[in-house]
Amino acid sequence: MRLSRLFGRTTRETPADAETTSHQLLIRAGMIAQVGAGIYSYLPLGWRVLRRIEQIIREEMDRVGGQELRMPTLQPFELWEASGRHLSFGQSLFTVLDRKQHRLALGPTHEEVVTDLARRCLQSYRDLPLMPYQIQTKFRDEPRPRGGLLRVREFIMKDMYSFDADEEALNTTYETMARAYASVYRRLGLPAVMVEADSGAIGGKASHEFMVLTSTGEDVVMHCASCGYAANMEKAGSKKDMAGEVLAAGEDMLPLEEVETPGSTTIEEVATYLKLPRHSTLKAVFYVADGEFVIAVIRGDLDVNEVKLQRALKCTLLRLAESDEIESAGIAAGFASPIGISGARVVADDSVPECRNLVAGANRTGYHYLNSNYGRDYVASVVADIALAREGDSCPTCGAPLRADRGIEVGHIFKLGTSLSEKLSAVFLDENGTSRPAVMGCYGIGLGRLLAAVIEHSHDDKGIIWPMALAPYHVHICALNPDKDGVSSCGDRLYEELRAAGIEVLYDDRMASPGVKFNDADLIGIPLRLTVSPRTLASGSVEVKQRSAKESGLVAVDEAVASIAAMVRDALAAEDSANPGV
RNA sequence: CGGGGUGUGGCGCAGCUGGCAGCGCGCAUGGUUUGGGACCAUGAGGUCGGAGGUUCAAAUCCUCUCACCCCGACCA
């Protein structure tokens, strides 16, 4: 491609709207253009990179037995009602009305459609496992698109679905897919880590995310350097012992005693006023879960993880209660506890029952109880881990301190089980002739986000640094002073011969100063740069420079094509055999 | 949805105590240049996000509204 003809141009100035590095570089390099909030066009350079990513993913999916197909974006809303997920997706589901006022969803994901498809195609255990997948545009009405391609409302996703005969077979498929994902990230040069995750609106039994750790990430990963435990903060567990402190568990229960605590409405104030550590208090937080008032209690030094709480409650919608709702439940905000409160569901963190003699609200303004005890003074309908893990907490598996880092979610895989296949009757006959629902899994990768993550991970102050496997072109030729001394003719010849040798070339044939060309080359980030100028031609050579290297070298013009072709091959081979990133 | 911010030529911005719509980059033409974002000359390009209002006069003041960005809530 001649740069003089390329659609899309580079800019010197960083666009005002772009904050994250990948967003700035994608715009400045002329790879994408914004159309609206969370809506982007891919320009030719960006689209070429995206297609390379797509092809790598396709190869890895095919390698493990995936079968590419294509499902529609328009999905009958009834399918979503059948699965019940129109509720959990809520407003994130884009819907449209057709001319008959019939409601259709713009697919945010395709579990419903693919399960409906399996219902028609799947008959026997001999058909299993099935691993259909597609690479297709998805629509999600995100509350807040952000970070350029990091979170958008229309995006291209590879979504694979697996149908297996039983749990064990699903586990095997799941592990196969995890390895396939690892291969994808390795080939993209991305160091992704696999972490335990909450399965969110997709639902299901288990799920893992693949994270690229970087400060621009939206998610927080809790991980343990000692044993390798890693989980999304939404999911992460931690040991709730207090380092160096002896918990009150095991002590005798002392009698409940009301004490005056004027103006002490927060855990901090109560603990200070009573000269007790925060973990000797009981924290109560109020929620409304699917319309029902809920009291969540947790040890005072811990915070409630709402994702865990939502799972514990098995509810679809969870929000903090408004102050009037708290009042009408008969609760004195700041002095609250489940003690003596009836008509509200109570959820207790698993830290609570094992504690003794905690300070709890007396449900009377200005007063707290000493020596509250779970079981004697109140009980919960659910006891579960609903605590937010924090940096420095003890690892749930080995006890070493956990670290917290931000990460970009570049893939998410789920064990769905049979709930969806049961709802949509995706069943098969097993060896005994018994009808059974298929055991499902699903596996998603967002391509645009992957592209952004690669840039976040691989750039410098000049621009993008693509791996050879992803670069929009393999080689970038800069012809300096193209009107002088045969520069053009040499540049043209190299351009033609390299292309004839199967090398993809971006050829800067513009009439522009050397600085402009070099800066654009660095910005666009093609891994090999070939400079032709009167200076190099004086010695019968051209200059070769790697984008990732500081120094450059000279190659004789006659040997340039063979030399460059070898460098491209070597780079591709080296990237392909690089160490696994996961 | 809560909080903060921004909308003026393709991009980045100034103008905002009302009085001719500007600067830099980019773009076009001509000329001089050329190894890390050259220079000179000439030129094209703007319903100042939109609607309403105040005023002799509105980019500027007032009201409403829309869009976009950031933080949070939210989010396979």
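Excluded from the calculations below are hydrogen atoms, water molecules and symmetry mates; all remaining heavy atoms, backbone and side chain alike, are included. Letters A, B, ... mirror the listed sequences (proteins, then strands); counts begin at 1.
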>> So, using side-chain contact (heavy atoms from CB on, under 4.5 Å) as the criterion, who are the partners of A/Asn519 when residues are at least two apart?
In response: A/Lys462

> Nucleotide by nucleotide, 5' to 3', does protein get under 4.0 Å of the base (B), only the sugar-phosphate (S), or neither (-) in nucleotides 22-35 of chain B, counting heavy atoms?
Replying inline: --BSSS------BB

> With sequence neighbours excluded, what pairs up with A/Asp492 under the salt bridge (charged side-chain N to carboxylate O under 4.0 Å, His left out) test?
Replying inline: A/Arg2

> Which letter, B, S or -, goes with each nucleotide of nucleotides 5-10 of chain B from 5' to 3', with contact meaning a protein heavy atom under 4.0 Å?
Replying inline: ------

> With sequence neighbours left out, what residues match A/Glu292 under side-chain contact (heavy atoms from CB on, under 4.5 Å)?
Replying inline: A/Arg345

> Just how far, in rounded Å, is C1' of B/G37 from CG of A/Asp520?
Replying inline: 8 Å

Just list the side-chain donor-acceptor pairs under 3.5 Å for residues 7-21 of chain A, sequence neighbours left out, or say none.
residue	atom	partner	partner atom	Å
A/Thr10	OG1	A/Asp520	OD1	2.8
A/Thr10	OG1	A/Asp520	OD2	3.2
A/Thr11	OG1	A/Glu13	O	3.0

> Who passes salt bridge (charged side-chain N to carboxylate O under 4.0 Å, His left out) against A/Arg70, sequence neighbours left out?
Replying inline: none

> Looking at residues at least two apart in the chain, or sitting in another chain, which of them share a side chain to side chain donor-acceptor pair (under 3.5 Å) with A/Lys283?
Replying inline: A/Asp303

> Does A/Arg151 have any salt bridge (charged side-chain N to carboxylate O under 4.0 Å, His left out) partners at least two apart in sequence or in another chain, and if so, which?
Replying inline: A/Glu142, A/Glu218

> Rounded to the Å, how far apart are A/Ile524 CD1 and B/G36 C1'?
Replying inline: 15 Å

> Do any pairs count as a side-chain hydrogen bond (donor to acceptor under 3.5 Å, both in side chains) and have a residue in residues 548-560 of chain A, sequence neighbours left out, and if so which ones?
Replying inline: A/Glu543-A/Ser552

>> According to salt bridge (charged side-chain N to carboxylate O under 4.0 Å, His left out), who are the partners of A/Arg103, at least two apart in sequence or on a separate chain?
In response: none

> Looking just at side-chain N and O atoms, do A/Thr214 and A/His457 make a donor-acceptor pair shorter than 3.5 Å?
Replying inline: no

At a cut-off of 3.5 Å, list every protein nitrogen or oxygen paired with a nitrogen or oxygen from nucleotides 43-45 of chain B, distance to 0.1 Å.
none

> So, is A/Gln91 close to the B/C1 phosphate, meaning a side-chain N or O under 4.0 Å from OP1 or OP2?
Replying inline: no

> So does A/Arg144 get a side-chain nitrogen or oxygen closer than 4.0 Å to the phosphate oxygens (OP1/OP2) of B/C71?
Replying inline: yes

